[in-house]
Colleague: 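This is the structure, below, for whatever I ask next.
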Amino acid sequence: MRSNRAALRAGASMAATLPMIAGALALGIPAAHAADSPARDTLAGTKPAWATTKADKGSTPDSAQVSARVYLAGRDAAGLAAYAKAVSDPDASAYGKYLSAGQAQARFGATEAQVAAVKSWLTAAGLKVTGTTEHYVSVSGEVAAAEKAFGTQLHNFAKSGKTYRAPAKAASAPASLDGAVLTVTGLDNAPHKAASKDQLPPPDAVFKNAGPFSSYYGSNTASTLPSAYGKKIPYAVQGYTGKQLRAAYGAGTYTGKGVRIAITDAYASPTIAFDAATYAKAHGDAAWKTGQLTQVLPKNYTKTEECGAAGWYGEETLDVEAVHAVAPDANVTYLGAASCYDDDLLDSLSKVVDNHLADIVSNSWGDIEANQTPDLAAAYDQVFQFGAVEGIGFYFSSGDNGDEVANTGTKQVDTPANSAWVTAVGGTSLAVGKGDKYLWETGWGTEKASLSADGKSWTGFPGAFTSGAGGGTSKTVAEPYYQKGVVPNALATANSAAGNRVVPDISAIADPNTGFKVGQTQTFPDGSQQYSEYRIGGTSLAAPVIAAVQALAQQAHGGKAIGFANPSIYSKFGSRVYHDVTDNPTGSGLAVARVDFANGYDAADGLLTSVRSLGKDSSLSAVKGYDDVTGVGTPAGGYVESYRKH
């Protein structure tokens, strides 16, 4: 399943919404610095929405410690966004005219004079500079010094039963810096972190699927179980493999040769090389070549207990094995963040861009939009824009909780998938039949009902919503140009008459009940460490699958980078290169029977039998044309080949 950044964020205000960043993301340009006073420029979005007057508990002690990052706007923030748009648009004359990392930094990055001026300002206020990169200056010091530097008081605020520090008003920077500062993060100390979901079994607790299974969709009918939707239903597949997914999404003879894919998560699995090699051999995937899988890891990991480091190992395993299964000749670079916090995840993304480690970046983590503060959104978008001008595309899973109402009580999308500068990947339930034939897909949304005690019916059929592809309309991000004319107006204007970003852009297999088989070393009840396999899904699966398909497309593109793909993806809308996914592709209700071990690994404590209805994604619906479950659809037979024309 998808790792949910900040799923454990303490005291998160689930109902909070963020103000629209006016004009900021039609092109993704960082929010303008409005005049706060003749001598200061406001850094928009640095006061979090939860820091309200009602929640204010008074001033933070002057001697309390602050660690912050001052992100640099660079020499031409508007030019960066404009060039990122131009090189990504197939109809633009600059399409594909990418810059090297060095060229991008020289043209759009901060100047030495800007960095020196920012450092001088911070140290003059009494803060200590603890680090400098191409993107930010990190500082530490006492609250009193931070207040002097950023022109705001820091107060303590009540937030869902806990107390956190935050600016009492938006931070600002001296106007004399002439817009050199993009934003500052760290003035509020509410945790900004990611966590693997509990549906993703960590290697320290074995998880296995019980049978019976179908080897392909519909191969094994549950004839002794009750009917659903007026007919007998098949058992869930044991787990699709690369051969089946490549056939479903039109891989043809393409293998991703010569293409580099990066994967970002937190931490790193100690058994990934063994697990990936064992899995490939077991399922007929090409053997990993020497140097084909590399890891870029920090010197030290932090917050391992707080972040549940072991829980991220399965995420890496899924991402690496799914990419290789679909694009077996692509080179894969895994970047493990030092922790599950945003600062460290941003560092991993920046490593890809600053060193151009890959052209395609798969990311299976995220958070609800209400938890994304505008200061962090600006920092993420700057990295994505630098990536775009270099020909690097970022792919983010859209979420596993549908419209998020069941999870948070508020209808909302996930982030960073909501960024106008990334490709948001939604999810489907996939039926691959005999002979690897593509049968159909529905929008991923599951309702579950358990077998009755007498075995003659499904209790409360079709049951409660359990999970589904994330999607919907952003409250904070303006509608990007490439969605206009494709996304229905009713979706775009759901939260604002001016129009907002709608998620996702494209989709692929995600439903765990029609999921992918992975292999991972896990700890068994007797304490032994053994390689074993299980079926899994989530948009954590969809993102690497689409990233791998994009690698095939890049190979078809003559090896030339596709870069930020959304303008190209939307330009192909309505053509036969997509499967137009709907919730009811067969004209009648769809469901599978699933049998699980009660204890997660063997039958000693009994079996649990349930029916899982497909195509039931909370309030979201997969319909003809663009929709907020599957976007433009899933890649069909002509998708990869379509990139040969450019």
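What you are looking at is a predicted structure, and each value in this text was computed from that prediction instead of being measured. Residue numbers start at 1 and run along the sequence shown.
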Colleague: Does a donor on one side chain and an acceptor on the other come within less than 3.5 Å for Y254 and E641?
Modeller: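 E641 and Y254 do have a side-chain donor-acceptor pair below 3.5 Å.
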Colleague: Evaluate side-chain hydrogen bond (donor to acceptor under 3.5 Å, both in side chains) for T634 paired with S507, printing each intermediate quantity in order.
Modeller: CA-CA 5 Å; T634 64; S507 57; 5.6 Å; no
Colleague: Is there a side-chain contact between D342 and Y380, using heavy atoms and a 4.5 Å cut-off?
Modeller: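 Answer yes - side chains close enough.
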Colleague: If you define the side chain from C-beta out and look only at heavy atoms, does anything of L357 sit under 4.5 Å from L335?
Modeller: yes
Colleague: Carefully, step by step, assess W444 and T442 under the rule side-chain contact (heavy atoms from CB on, under 4.5 Å).
Modeller: CA-CA 6 Å; W444 170 38; T442 71; over 6 Å; no
Colleague: Kindly say whether A494 contributes a backbone atom to a donor-acceptor pair with the side chain of T473 at under 3.5 angstrom?
Modeller: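 Not at all, since once roles are kept as given, no pair shorter than 3.5 Å links the two residues.
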Colleague: Please assess V361 against I392 for the test side-chain contact (heavy atoms from CB on, under 4.5 Å), listing each intermediate value before the final yes or no.
Modeller: CA-CA 7 Å; V361 190; I392 301 171; 3.6 Å; yes
Colleague: For S350 and D347, test the side chains for any donor-to-acceptor distance below 3.5 angstrom and give the result as yes or no.
Modeller: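 No - no donor-acceptor pair under 3.5 Å links their side chains.
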Colleague: Taking only Lys NZ, Arg NE, NH1 and NH2, and the carboxylate oxygens of Asp or Glu, determine whether R501 and D505 approach each other closer than 4.0 Å.
Modeller: yes
Colleague: Backbone N or O of A286 within a donor-acceptor pair of the H324 side chain at under 3.5 Å?
Modeller: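 It does hold such a pair.
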Colleague: When rounded to the nearest 0.5 angstrom, what distance separates CD in Q412 from CG in N371?
Modeller: 7.5 Å
Colleague: Strictly by modelled atom types, are S474 and E369 linked by a side-chain donor-acceptor pair under 3.5 Å?
Modeller: yes
Colleague: Any salt bridge linking D436 with K243? Criterion: basic side-chain nitrogen under 4.0 Å from a carboxylate oxygen.
Modeller: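 Salt bridge flag = yes for K243 with D436.
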Colleague: Are Q483 and Y570 linked by a side-chain donor-acceptor pair shorter than 3.5 Å?
Modeller: yes
Colleague: Assess, by modelled atom type and distance only, whether the side chains of T410 and E404 contain a donor and an acceptor separated by less than 3.5 Å.
Modeller: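 There is no such pair between these side chains.
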Colleague: For the atom pair CG (N495) and CD (E479), what is the distance rounded to the nearest 0.5 Å?
Modeller: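 Result: 12.0 Å between the selected atoms.
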Colleague: Here's one to test your reading of the geometry: is the NZ or CZ of K437 within 45 degrees of the ring axis of Y217 and under 6.0 Å from its centre?
Modeller: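 The answer is no, since K437 fails at least one limit relative to Y217.
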Colleague: Can you find a pair of side-chain heavy atoms, one from F386 and one from D354, that are under 4.5 Å apart?
Modeller: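 In short, these two side chains do not touch, never coming nearer than 4.5 Å.
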Colleague: CG/D265 to CH2/W312 distance, rounded to the nearest 0.5 angstrom?
Modeller: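 The distance works out to 6.0 Å.
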Colleague: Indicate yes or no: does R260 engage D359 in a salt bridge with an N to O separation below 4.0 Å.
Modeller: yes
Colleague: Which distance, rounded to the nearest 0.5 Å, do you find between the OG1 of T185 and the OH of Y136?
Modeller: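 Reported value, rounded in 0.5 Å steps: 9.0 Å.
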Colleague: Between Y578 and I506, is there a side-chain heavy-atom distance shorter than 4.5 Å?
Modeller: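 I506 vs Y578: side chains touch.
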Colleague: CG/D319 to OG1/T317 distance, rounded to the nearest 0.5 angstrom?
Modeller: 8.5 Å
Colleague: Can you find a side-chain donor-acceptor pair between D400 and S467 that sits under 3.5 Å?
Modeller: no
Colleague: Donor-acceptor pair, Y395 side chain versus V422 backbone, under 3.5 Å?
Modeller: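 Side chain of Y395 to backbone of V422: no pair is present.
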Colleague: Cut-off 3.5 Å, side chains only: do T183 and D375 have a donor facing an acceptor?
Modeller: no
Colleague: In terms of ring plane angle, is the pair H283 and Y279 parallel, tilted or perpendicular, where the classes change at 30° and 60°?
Modeller: tilted
Colleague: With no hydrogens and no angle check, is any side-chain donor or acceptor of W365 less than 3.5 Å from a backbone partner on T264?
Modeller: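 Checked: pair present.
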Colleague: Kindly indicate whether the side chain of L552, heavy atoms from C-beta on, has any atom under 4.5 Å from the side chain of V326.
Modeller: yes
Colleague: Any cation-pi pair here, R75 with F108, using under 6.0 Å and within 45°?
Modeller: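 Relative to the ring axis of F108, which defines the angle, R75 lies outside at least one limit.
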Colleague: Is there a donor-acceptor contact under 3.5 Å linking the side chains of K572 and S642?
Modeller: yes
Colleague: Say whether N566 and Y482, considering side chains only, have a donor N or O and an acceptor N or O under 3.5 Å apart.
Modeller: yes
Colleague: Look only at the side chain of S397 and the backbone of G399, and say whether a donor-acceptor pair between them is shorter than 3.5 Å.
Modeller: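 Not a single qualifying donor-acceptor pair exists.
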Colleague: Is a donor on one side and an acceptor on the other found under 3.5 Å between the side chain of Q244 and the backbone of T241?
Modeller: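 Side chain of Q244 to backbone of T241: a pair is present.
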Colleague: Ring of Y240, cation from K517 - is the NZ or CZ under 6.0 Å from the centre and inside 45° of the axis?
Modeller: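 No, cation not above the ring by the 6.0 Å, 45° rule.
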Colleague: Would you say E316's side chain and S269's backbone share a donor-acceptor pair under 3.5 angstrom?
Modeller: yes
Colleague: Just by modelled atom types, is the V477 backbone N or O under 3.5 Å from a matching donor or acceptor in the N500 side chain?
Modeller: yes
Colleague: Please identify which of these residues, I509, T446, D511, N513, meets the side chain to side chain contact (heavy atoms under 4.5 Å, CB included) condition with S429.
Modeller: D511
Colleague: Answer whether the closest heavy-atom distance between the side chains of V323 and P544 falls below 4.5 Å.
Modeller: yes
Colleague: Does some side-chain heavy atom of D329 sit less than 4.5 Å from a side-chain heavy atom of K289?
Modeller: yes
Colleague: Is a donor from one side chain sitting under 3.5 angstrom from an acceptor on the other, for Y643 and S568?
Modeller: yes
Colleague: Excluding sequence neighbours, so at least two apart, what forms side chain to side chain contact (heavy atoms under 4.5 Å, CB included) with A508?
Modeller: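 So A508 forms a side chain to side chain contact (heavy atoms under 4.5 Å, CB included) with Y249, A542, V545, I546.
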Colleague: Give, for atom NE2 of H579 and atom CG of L430, the distance between the pair rounded to the nearest 0.5 Å.
Modeller: 8.5 Å
Colleague: State, yes or no, whether a side-chain contact exists between Q554 and K560 at a heavy-atom distance under 4.5 Å.
Modeller: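 They are not in side-chain contact.
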